[in-house]
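By convention in this document, chain letters (A, B, ...) are assigned in the order of the sequence lines, proteins followed by strands, and residues within each chain are numbered from 1. Below, all heavy atoms of this structure are taken into account, side chains as well, without hydrogens, waters or symmetry copies.
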Amino acid sequence: EAGVAQSPRYKIIEKRQSVAFWCNPISGHATLYWYQQILGQGPKLLIQFQNNGVVDDSQLPKDRFSAERLKGVDSTLKIQPAKLEDSAVYLCASSPIYGGQREETQYFGPGTRLLVL
Amino acid sequence: TQLLEQSPQFLSIQEGENLTVYCNSSSVFSSLQWYRQEPGEGPVLLVTVVTGGEVKKLKRLTFQFGDARKDSSLHITAAQTGDTGLYLCAGATSGTYKYIFGTGTRLKVLA
């Protein structure tokens, strides 16, 4: 079974530029998550989708970050404009069941490492 | 906002040694997960514990959930270089089962 795919793996941009990340979850997984992992910290949830609907985006900085999951499959996360503090690894994860269940297993992709100069 | 503190933050040990990593919070969790993350990869789930006092074993790894469900520990026996990585705990509060990740423990096992 193929895992969660993410691209690009690395991205370097200057502040105030825009950037987009793409995620292809494991086939059939209903729930998709985007996390931000700053160096030396644990992942922080940015947004959770259930099929193509948003379940939780309470920690998404909506003035600059946006995400969509069209057709309930692939997802993109965009930052516009980027700030220095957005430098981090952006992880995508998917889950075979609806999020919020006790023994849910999240399967993570390798992440996109973003450096904002 | 609940906070999951992990200790130690960094740990460097020799192959064959034993170690324990801790995950503590002031909040009560309905369940708690442990992940290992290797450089350049996403976290991989090791175990989920759901009952206070529960102990689970995965080969040389022993996971324990505190009786009050506010803390957890991960014990590794006879560490190997392949155990090197970032160990993350993630706790879910009752009702939501939304997992919040801890601060992480970076382990390096030297040959």
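Annotation: maximal heavy-atom pairing with chain B below 4.5 Å, among Gly42(A), Pro43(A), Gly111(A), occurs at Pro43(A). Heavy-atom pairs under 4.5 Å with chain A were tallied for Arg106(B), Gln9(B), Gln37(B); the largest tally goes to Gln37(B). Of the listed residues (Arg9(A), Gln41(A), Gln37(A)), the one with the most heavy-atom contacts under 4.5 Å to chain B is Gln37(A). For the set Asp56(A), Val55(A), Leu45(A), the count of heavy-atom pairs under 4.5 angstrom toward chain B peaks at Asp56(A).
Ring-plane geometry between Phe101(B) and Tyr35(B) is classed as tilted, the angle between the planes lying from 30 to 60 degrees on a 0 to 90 degree scale.
With a 4.5 Å cut-off on non-hydrogen atoms, Glu38(B) does not touch chain A at all.
Residues Ile79(A) and Val116(A) form no side-chain contact, since every pair of their non-hydrogen atoms from C-beta on lies 4.5 Å or further apart.
Note that CG of Leu4(B) and NZ of Lys70(B) are 12.5 Å apart. Values are rounded to the nearest 0.5 Å.
With hydrogens and angles disregarded, no donor-acceptor distance shorter than 3.5 Å links the side chain of His75(B) to the backbone of Leu61(B).
Within a 6.0 Å sphere centred on CG of Leu39(A), heavy atoms belonging to other residues, nucleotides or ligands number 12 at most.
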